[in-house]
> 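First the structure, then my questions, so here it is.
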Amino acid sequence: MQTNQYLIDFYNNYDEDNRLKSKHGSVEFLTTMRYIEKYIQPGNRILEIGAGTGRYSHALARQGYTVDSVELIKHNIDVFSQNTTPAENVTIIQGNALDLSVFPENQYDITLLLGPLYHLYSIEDKRQALSEAIRVTKIGGIVFAAYVISDGCLLDEGFMHENINVAEYIKNGLLDAETFSAKSEPQDLFELVRKKDIDQLMSVFSTNRLHYVATDGAALLMREAIDKMDKNTFELYLKYHFATCEQTDLLGITSHAIDIFRKSDK
């Protein structure tokens with residue numbers, strides 16, 4: 001995948017650095033970090049592919065971990081660098097998730113692929129990015145792969161907040177009129193998938209799934225209500241979310257999901 005101008009223009013004008021800092025946005029960040037902390041061990045080495053402005057890379061580096069980061073968009077790299085503190089053992093290079101040849105295989109204990117699959121539109125490109133993430137991960141290491149989930153986005157952006165015109169999406173072929181499955185192109189910026197699509201993607205790899213997590217659950221759908229919660233109510237909501245974010249009944253309502261799997265020795 002070459003860097004497309006739609007992506008450059010979007011991130012040049014989008015406040016990615018603050019996306020996860022609002023109360024409703026923090027649900028995704030706190031959930032992802034919670035699962036990272038389930039598996040990370042002292043001395044582990046981490047690679048973040050598609051690091052954006054470094055929200056996760058910086059958080060982990062400030063906990064004392066060694067983090068290498070790769071980011072496609074120059075603007076994001078500039079913000080990443082501005083946010084780096086002297087105490088962090090973190091690196092950032094410009095690179096593409098489809099070609100991590102600068103990194104040797106079997107090097108990282110934890111590999112984060114938390115953004116690139118949002119912007120890859122063919123099964124070949126998605127599998128190439130996943131293959132590269134798996135290649136650089138140690139046998140027995142853990143990969144976190146994030147996706148944008150179509151039904152959560154449709155409920156939130158379409159029916160709840162009307163930021164997208166569902167009827168127009170159907171008319172333009174971006175949504176199937178019967179199944180409401182999504183089809184995206186680079187100019188649409190985000191590739192929308194369902195869990196069955198992720199299962200199909202992963203079927204060719206020798207990995208063991210550990211968790212499939214509705215990372216933000218209903219947080220975007222409920223953003224106004226969540227942002228109004230007092231501290232105690234928000235903490236109770238987080239407790240509920242953490243208890244249910246792997247519950248099969250609720251997986252489709254999320255806007256983001258992470259597939260967490262272990263690299264096997266086969």
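No hydrogens, no waters, no symmetry mates; every other heavy atom, side chains included, goes into these values. For the single chain, residues carry numbers from 1 onward in sequence order.
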> When you check the side-chain N and O atoms of Asn89 and Thr66, is any donor under 3.5 Å from an acceptor?
yes

> Treating Thr215 as the side-chain partner and His256 as the backbone partner, does any N or O pair qualify as donor plus acceptor under 3.5 Å?
yes

> Relative to Tyr65, does Arg45 satisfy both conditions: NZ or CZ under 6.0 angstrom from the six-membered ring centre, and within 45 degrees of the ring's axis?
no

> Quick check: do Leu251 and Lys195 have side-chain heavy atoms less than 4.5 Å from each other?
yes

> Could you pull out the closest heavy-atom pair between Leu192 and Cys153, with the gap in Å?
CD2-SG, 4.1 Å

> Is any side-chain heavy atom of Arg209 closer than 4.5 Å to one of Ile260?
no

> Is any side-chain N of the basic residue among Glu37 and Arg34 closer than 4.0 Å to the acidic one's carboxylate O?
no

> Please assess His161 against Glu224 for the test side-chain contact (heavy atoms from CB on, under 4.5 Å), listing each intermediate value before the final yes or no.
CA-CA 10 Å; His161 293 101; Glu224 291 86 2; 2.8 Å; yes

> Determine whether Glu48 and Leu114 satisfy the following criterion, side-chain contact (heavy atoms from CB on, under 4.5 Å), listing intermediate values before the conclusion.
CA-CA 8 Å; Glu48 183 172 15; Leu114 300 180; 4.1 Å; yes

> Measure from the side-chain N and O atoms of Asp99 to the backbone N and O of Asn96, and report whether any donor-acceptor pair falls under 3.5 Å.
no

> Where do Ala145 and Leu117 come nearest, in terms of heavy atoms and distance?
CB-CD1, 3.9 Å

> Check whether more than 12 heavy atoms from other residues, nucleotides or ligands sit under 6.0 Å from atom CD of Glu168, and answer yes or no.
yes

> Output, in order, the C-alpha distance, side-chain angles, deciding distance and verdict of salt bridge (charged side-chain N to carboxylate O under 4.0 Å, His left out) for Asp109 and Lys263.
CA-CA 10 Å; Asp109 301 281; Lys263 179 177 177 177; over 6 Å; no

> Does any non-hydrogen side-chain atom of Asp259 lie less than 4.5 Å from one of Phe144?
no

> Got Arg55 and Phe29 here, is their nearest side-chain heavy-atom distance under 4.5 Å?
yes

> Can Ile123 be reached from Ile149 by stepping across I, L, V, M, F, W or Y side chains whose heavy atoms are under 4.5 Å apart?
yes

> Counting N and O atoms only, with roles assigned by atom type, does the side chain of Asp227 sit under 3.5 Å from a partner on the main chain of His24, one being a donor and the other an acceptor?
yes

> Under 3.5 Å, is there a donor-acceptor pair between the side chain of Thr244 and the main chain of Gln247?
no

> Does Lys138 come within less than 4.0 Å of Glu105, counting only side-chain N to carboxylate O?
no

> Please check this pair: side chain of Arg62 against backbone of Ser57, looking for a donor-acceptor N/O pair closer than 3.5 Å.
no

> When you compare the side chain of Glu28 with that of Met33, does any pair of heavy atoms fall below 4.5 Å?
no

> Using side-chain heavy atoms (C-beta onward) and a distance below 4.5 Å, is Leu47 in contact with Leu112?
no

> Could you please spell out the steps behind the side-chain contact (heavy atoms from CB on, under 4.5 Å) verdict for Tyr147 and Asp197?
CA-CA 10 Å; Tyr147 298 85; Asp197 303 315; over 6 Å; no

> For Ala133, which residues count as a side-chain contact (heavy atoms from CB on, under 4.5 Å) partner, sequence neighbours excluded?
Ile49, Thr111, Leu113, Val143

> Run the ring-centre check on His211 versus Phe261 and record whether the distance is less than 6.0 Å.
no

> May I have the step-by-step check of side-chain hydrogen bond (donor to acceptor under 3.5 Å, both in side chains) for Glu88 and Thr85, ending in yes or no?
CA-CA 6 Å; Glu88 293 179 39; Thr85 63; 3.0 Å; yes

> What I want to find out is whether Lys239 reaches Glu235 closely enough, with some N-O distance under 4.0 Å, to be called a salt bridge.
no

> Do Ile36 and Thr32 have side chains that get closer than 4.5 Å, going by heavy atoms?
yes

> Is there side-chain contact between Asn106 and Thr137, with heavy atoms separated by less than 4.5 Å?
no

> Can you find a side-chain donor-acceptor pair between Asn165 and Lys171 that sits under 3.5 Å?
no

> Tell me whether Leu120 shares a hydrophobic cluster with Val204, the cluster being built from Ile, Leu, Val, Met, Phe, Trp, Tyr side chains joined at under 4.5 Å.
yes

> What are the two closest heavy atoms between Arg262 and Ile142, and how far apart are they?
NH1-CD1, 3.5 Å

> Under the criterion side-chain contact (heavy atoms from CB on, under 4.5 Å), which of Val67, Asn44, Val90 is the partner of Leu60?
Val67

> Between Val193 and Tyr118, is the side-chain contact (heavy atoms from CB on, under 4.5 Å) condition met? List the steps.
CA-CA 9 Å; Val193 299; Tyr118 296 177; over 6 Å; no

> Determine, step by step, whether Asp78 and Ser81 satisfy the side-chain hydrogen bond (donor to acceptor under 3.5 Å, both in side chains) criterion, reporting the C-alpha distance in whole Å, the side-chain angles of both residues, the deciding distance to 0.1 Å, and the verdict.
CA-CA 5 Å; Asp78 292 341; Ser81 298; 5.7 Å; no

> Do Asp176 and Thr179 have side-chain N/O donor and acceptor atoms under 3.5 Å apart?
yes

> Is Glu157 reaching over with its side chain to a backbone N or O of Ile164, donor-acceptor style, under 3.5 angstrom?
no

> Determine whether a donor-acceptor pair (N or O, by modelled atom type, separation under 3.5 Å) exists between the side chain of Ser69 and the backbone of Ile92.
no

> Drop me the distance from Ile198's CD1 to Tyr212's OH, to the nearest 0.5 angstrom.
3.5 Å

> How long is the straight-line distance from CG of Leu174 back to OG of Ser181, given to the nearest 0.5 Å?
11.0 Å

> Where the side chain of His58 meets the backbone of Phe80, is there a donor-acceptor pair that is under 3.5 Å apart?
yes

> Between Lys23 and Ser26, which heavy-atom pair has the shortest distance, and what is it?
O-OG, 2.7 Å

> Using modelled atom types and a 3.5 Å cut-off, is there a donor and acceptor pairing between side-chain atoms of Asp216 and backbone atoms of Ser255?
yes

> Under a plain distance cut-off of 3.5 Å, with no hydrogens placed, do Asp68 and Thr91 share a side-chain donor-acceptor pair?
yes

> Got a salt bridge between Asp156 and Arg223, using NZ or NE/NH1/NH2 to carboxylate O under 4.0 Å?
yes

> Taking all heavy atoms of His119 and all of Gly115, pick out the closest pair and write down the distance.
CD2-O, 3.8 Å

> Does the ring of Tyr35 carry Lys38 above it, NZ/CZ under 6.0 angstrom from centre and within 45° of its axis?
yes

> For residues Arg127 and Ser203, report the shortest heavy-atom separation together with the two atoms involved.
NH2-OG, 3.7 Å

> Without swapping roles, check the side chain of Glu71 against the backbone of Gln94 for a donor-acceptor pair under 3.5 Å.
no

